[in-house]
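Note that this is a predicted model, so its numbers are computed, not measured. The first residue in the sequence is number 1, and the count goes up from there.
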Amino acid sequence: MIECALGMLSLSLLVTFAACNAPPVPLDDILIEKTFVPEQCVRAVKVGDFVRYHYIGTFPDGKKFDSSYDRGSTYNVFVGKKQLIEGMDKALVGMCVNERSLVKIPPHLAYGKKGYTDIIPPDSILHFDVLLLDVWNPDDGVQINTYYTPPTCTRKVEVSDFVRYHYNGTLLDGTLFDSSHTRLRTYDTYVGIGWLIAGMDQGLLGMCVGERRIITMPPSLGYGENGDGSDIPGQASLVFDVVLLDLHNPRDGITVTNQVVPESCTRKTVVGDFVRYHYNGSLLDGTFFDSSYSRNHTYDTYVGQGYVIAGMDEGLLGVCIGERRTVIIPPHLAYGEEGTGSKIPGSAVLVFDIDMIDFHNPSDNTEVTVTYKPEECVKLTKKGDFIKYHYNGTLLDGTLIDSTHGYGKTYNVVLGANQVVPGMEDGLMDMCVGEKRRLIIPPHLAYGERGVTDQVPGSAVMLFDVELMEIEDGLPEGYMFIWNDEVPPGLFAEIDKNNNGELEPSEFTDYIMQQVTDGKGRLAPGFDPYRIIENMFSNQDRNGDGKVTEDEFKLKADEAPHDEL
């Protein structure tokens with residue numbers, strides 16, 4: 001009685017039973033008990049559809065007479081075309097993928113009075129435990145469900161484009177058969193030229209980078225009647241969950257988008273220029289791979305001479321200082337099919353956000369711009385002059401390097417004495433007191449490739465705003481001391497105060513310093529006077545014995561040039 005009650009309870013919604021001891025009521029039609037119904041049913045079986053399903057066939061007493069599981073293969077057939085017993089043809093209509101049903105079929109809708117060989121006796125009621133795994137129709141095409149669209153889409157996949165995408169591939173019942181994610185590598189291929197199964201060739205068209213879509217295809221557009229020989233059975237519908245990461249065409253060149261262009265741009269980069277720029281590098285899907293900012297150092301290189309990838313060589317041309325631009329580079333102008341290993345995959349499109357810090361050409365000279373010139377400008381600086389000036393020194397991007405105004409005093413140098421960088425020497429020539437100039441000095445005339453540690457980057461163009469405050473005339477070239485009047489007669493004797501016929505260093509120094517004090521002579525300005533006099537004495541001391549005799553003593557006009565009398 002307990003077993004009977006349980007049986008009645010399980011079938012209570014389908015059939016009315018008589019008392020437990022009464023014979024079963026004959027079936028006039030099939031009876032279906034749905035033992036599992038999926039939450040979603042995108043599509044139900046219709047007449048004319050092709051299905052793949054598993055089943056276990058038993059008699060009412062539970063004895064099994066057949067099973068697709070035992071054969072290790074689904075049963076694949078068209079529905080409603082008399083390829084099945086009539087009861088199964090009816091039972092499959094309306095089923096959803098992953099739905100499971102217990103189907104009871106009376107004899108007249110099964111094998112009737114004849115039965116089936118020695119397996120199915122005549123007039124047998126048949127029970128089938130059916131699990132539907134797949135359904136499609138010969139009229140089906142590719143079905144696309146886009147479930148994420150990126151905010152911006154400047155370009156969509158077209159025939160002959162090369163794409164990189166990730167995917168999960170499943171059968172219609174959700175069974176995973178392949179995934180690019182598990183291989184940690186995108187699938188890279190051309191679209192629309194037969195390198196893919198037909199359904200994927202169609203399903204990828206029109207996608208944007210970053211878009212996610214589910215592509216469902218019938219076996220005729222997948223792996224057909226035979227499957228792939230391993231994970232994909234014959235006549236299987238396929239479902240691909242795809243995210244597109246990259247897209248380009250072999251005909252593509254670089255794409256340049258200007259983000260920030262300075263108001264004034266007197267010069268743009270050309271082939272052969274040396275540039276310093278910052279960049280952020282990412283893949284087309286936004287994956288970051290490199291940045292000069294993270295190294296706190298610009299990328300410094302020549303343009304148009306093959307020192308960088310071809311796309312960057314091109315993308316760096318025609319750029320102004322201070323300009324920011326985005327350069328999109330296809331792989332054949334970047335790192336090609338091989339990529340760079342860990343950071344840049346093969347066949348990857350690269351996106352560089354560039355900020356041009358400065359550039360110059362090895363042939364550049366100092367660029368001088370007069371920003372103010374006094375009305376009276378007669379006396380001009382020349383080589384040898386001792387000058388005093390103020391300056392503000394910056395990089396071309398405005399970064400302050402140094403300023404005399406911060407020290408509250410001028411910078412003082414002798415022009416032509418290599419006391420400042422060559423470009424500054426050039427920029428301070430032929431300048432009058434009160435004049436203001438802006439000097440742009442290329443690195444080879446400034447601080448070169450090394451720069452100044454923690455102050456001036458290597459290969460940096462310098463900008464100086466200078467104002468000349470004072471000029472003191474220098475001496476003629478080659479002279480460190482000159483007479484303001486005629487040279488005194490008997491000069492040697494005049495210096496030789498003790499009349500011993502030899503000049504001591506102290507005698508020589510005291511005499512020259514006295515001439516300067518009395519205004520009779522002048523030392524080269526901007527240098528230590530005692531060092532000058534020491535050098536003058538050394539030049540007169542021909543034999544190096546620390547004394548100068550009258551034979552050794554000569555005026556500059558009487559001999560080859562020396563920095564002496």
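Side-chain contact check for Lys383 versus Glu477: some heavy-atom pair is nearer than 4.5 Å. Proximity of Thr366 to Ile440: side-chain heavy atoms (C-beta onward) are nowhere separated by under 4.5 Å. Put simply, the side chain of Val461 does not reach to within 4.5 Å of the side chain of Phe359, judged on heavy atoms. Within the 4.5 Å cutoff, no side-chain heavy atoms of Met200 are placed close to those of Tyr187. Counting only heavy atoms from C-beta outward, the side chains of Pro457 and Leu395 approach each other to under 4.5 Å. Side-chain contact check for Ile215 versus Val142: some heavy-atom pair is nearer than 4.5 Å. Phe537 places none of its side-chain heavy atoms less than 4.5 Å from the side chain of Thr509. Ile354 places a side-chain heavy atom less than 4.5 Å from the side chain of Leu316.
Without hydrogens or angle criteria, Ser180 side chain to Thr186 main chain gives no donor-acceptor distance under 3.5 Å. For Asp510 (side chain) and Glu507 (main-chain N/O), no donor-acceptor pair under 3.5 Å exists by modelled atom type. Here the side chain of Thr326 pairs no donor or acceptor atom with the backbone of Asp353 at under 3.5 angstrom. Of the possible polar contacts, none joining the Asp313 side chain to the Val303 backbone as a donor-acceptor pair under 3.5 Å is found. Using modelled atom types, no side-chain atom of Asn258 and backbone atom of Val261 make a donor-acceptor pair closer than 3.5 Å. Side-chain N or O atoms of Gln419 include one that pairs as donor or acceptor with a backbone N or O of Val414 at under 3.5 Å. For Arg325 (side chain) and Gly315 (main-chain N/O), a donor-acceptor pair under 3.5 Å exists by modelled atom type. In this structure, Asp496 contributes its side chain and Asn500 its backbone to a donor-acceptor pair below 3.5 Å. Formation of a donor-acceptor pair under 3.5 Å by the Gln259 side chain with backbone atoms of Arg324 is not found in this model. Side-chain atoms of Ser179 come within 3.5 Å of backbone atoms of His181 as a donor-acceptor pair (strictly under, hydrogens ignored).
Note that the CD atom of Glu472 and the CD1 atom of Ile387 stand 12.0 Å from one another [nearest 0.5 Å]. The CG atom of Leu247 sits 10.5 Å away from atom CG of Leu204, with the distance rounded to the nearest 0.5 Å. Taking CZ of Phe274 as the reference point, atom CG of Asp358 lies at 9.0 Å (rounded to 0.5 Å). Ile357 contributes atom CD1, which lies 12.0 Å from atom CD of Glu323 (distance to the nearest 0.5 angstrom). For the atom pair Leu523 CG and Gln515 CD, the distance stands at 10.5 Å (nearest 0.5 Å). Atom CG of residue Leu468 and atom SG of residue Cys432 lie 7.5 Å apart, to the nearest 0.5 angstrom.
For the side-chain hydrogen bond (donor to acceptor under 3.5 Å, both in side chains) criterion with Arg438, the lone passing option out of Asn392, Thr369, Thr371, Asp465 is Asp465.
Between Tyr277 and Tyr279, the ring planes are tilted. Angles from 30° to 60° get that label.
With 3.5 Å as the limit, one finds no donor-acceptor pair spanning the side chains of His278 and Thr298. Side-chain contact check for Gln514 and Asp518: at least one donor-acceptor pair (N or O, by modelled atom type) lies under 3.5 Å. Inspection of the Thr287 and Asp285 side chains reveals an N or O donor paired with an N or O acceptor under 3.5 Å. Asp402 and Tyr407 share a donor-acceptor pair across their side chains, judged by distance under 3.5 Å alone. Under the 3.5 Å distance criterion, with hydrogens and angles disregarded, no donor-acceptor pair is assigned to the side chains of Thr410 and His390.
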Legend entry - Worked verdict on Ser363 versus Asn361 for side chain to side chain donor-acceptor pair (under 3.5 Å): CA-CA 5 Å; Ser363 63; Asn361 195 280; 2.9 Å; yes
Legend entry - Stepwise side-chain contact (heavy atoms from CB on, under 4.5 Å) test for Leu238 and Phe177: CA-CA 10 Å; Leu238 304 180; Phe177 62 80; 3.8 Å; yes
Inset, instruction - Would you please test Phe352 and Phe289 for ring pair (Phe, Tyr, Trp, His ring centres under 6.0 Å) and show each step? - result: CA-CA 10 Å; Phe352 289 94; Phe289 63 80; 5.8 Å; yes
Inset, instruction - Please assess Val159 against Val191 for the test side-chain contact (heavy atoms from CB on, under 4.5 Å), listing each intermediate value before the final yes or no. - result: CA-CA 6 Å; Val159 171; Val191 177; 6.0 Å; no
Inset, instruction - Give the intermediate values and the outcome of side chain to side chain donor-acceptor pair (under 3.5 Å) for residues Tyr372 and Glu435. - result: CA-CA 6 Å; Tyr372 173 76; Glu435 184 176 340; over 6 Å; no
Inset, instruction - Just do the side-chain contact (heavy atoms from CB on, under 4.5 Å) check on Leu439 and Tyr391 with the steps written out, would you? - result: CA-CA 10 Å; Leu439 312 178; Tyr391 70 83; over 6 Å; no
Legend entry - Verdict with supporting geometry, Asn484 and Lys520, side-chain contact (heavy atoms from CB on, under 4.5 Å): CA-CA 5 Å; Asn484 292 330; Lys520 296 179 179 180; 5.8 Å; no
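Note on Lys156 versus Asp161: no salt bridge recorded, every NZ/NE/NH1/NH2 to OD/OE distance being 4.0 Å or above. Using a cut-off of 4.0 Å between Lys/Arg side-chain N and Asp/Glu carboxylate O, Arg276 and Asp355 are scored as not salt-bridged. Contact check on Glu502 versus Lys547 returns a salt bridge, with a Lys/Arg side-chain nitrogen under 4.0 Å from an Asp/Glu carboxylate oxygen. Using a 4.0 Å cut-off between charged nitrogen and carboxylate oxygen, Lys379 and Asp385 do not count as a salt-bridge pair. A salt bridge links Asp273 to Arg267: at least one charged side-chain nitrogen sits closer than 4.0 Å to a carboxylate oxygen. Lys382 has a carboxylate O that lies under 4.0 Å from a charged side-chain N of Asp473, or vice versa, which qualifies the two as a salt bridge. Arg213 has a carboxylate O that lies under 4.0 Å from a charged side-chain N of Glu211, or vice versa, which qualifies the two as a salt bridge.
Pairing each heavy atom of Leu205 with each of Glu158, the nearest pair is CD2-C, 3.8 Å. Across Thr189 and Leu196, no two heavy atoms sit closer than the pair CG2-CD1, 3.7 Å. In plain terms, the two heavy atoms of Met462 and Ala446 that are nearest each other are CG-CB, 4.0 Å. Asp290 approaches Arg295 most closely through the heavy-atom pair OD1-NH1, 2.8 Å. Between Phe240 and Gly169 the shortest heavy-atom distance is CD2-CA, 3.9 Å. Taking both residues in full, the closest heavy atoms of Arg437 and Asp430 are given as NH2-O, 2.8 Å, listed atom of the first, atom of the second, then distance.
Remark: aromatic rings of His360 and His444 are close, center separation under 6.0 Å. Aromatic ring centres of Tyr299 and Tyr307 lie farther apart than the 6.0 Å criterion allows.
In the displayed structure, Arg531 atom CZ is contacted under 6.0 Å by at most 12 heavy atoms of other residues, nucleotides or ligands. The environment of CD in Glu376 is sparse: at most 12 heavy-atom neighbours from other residues, nucleotides or ligands sit within 6.0 Å. Atom CZ of Arg522 has more than 12 neighbouring heavy atoms from other residues, nucleotides or ligands inside a 6.0 Å radius.
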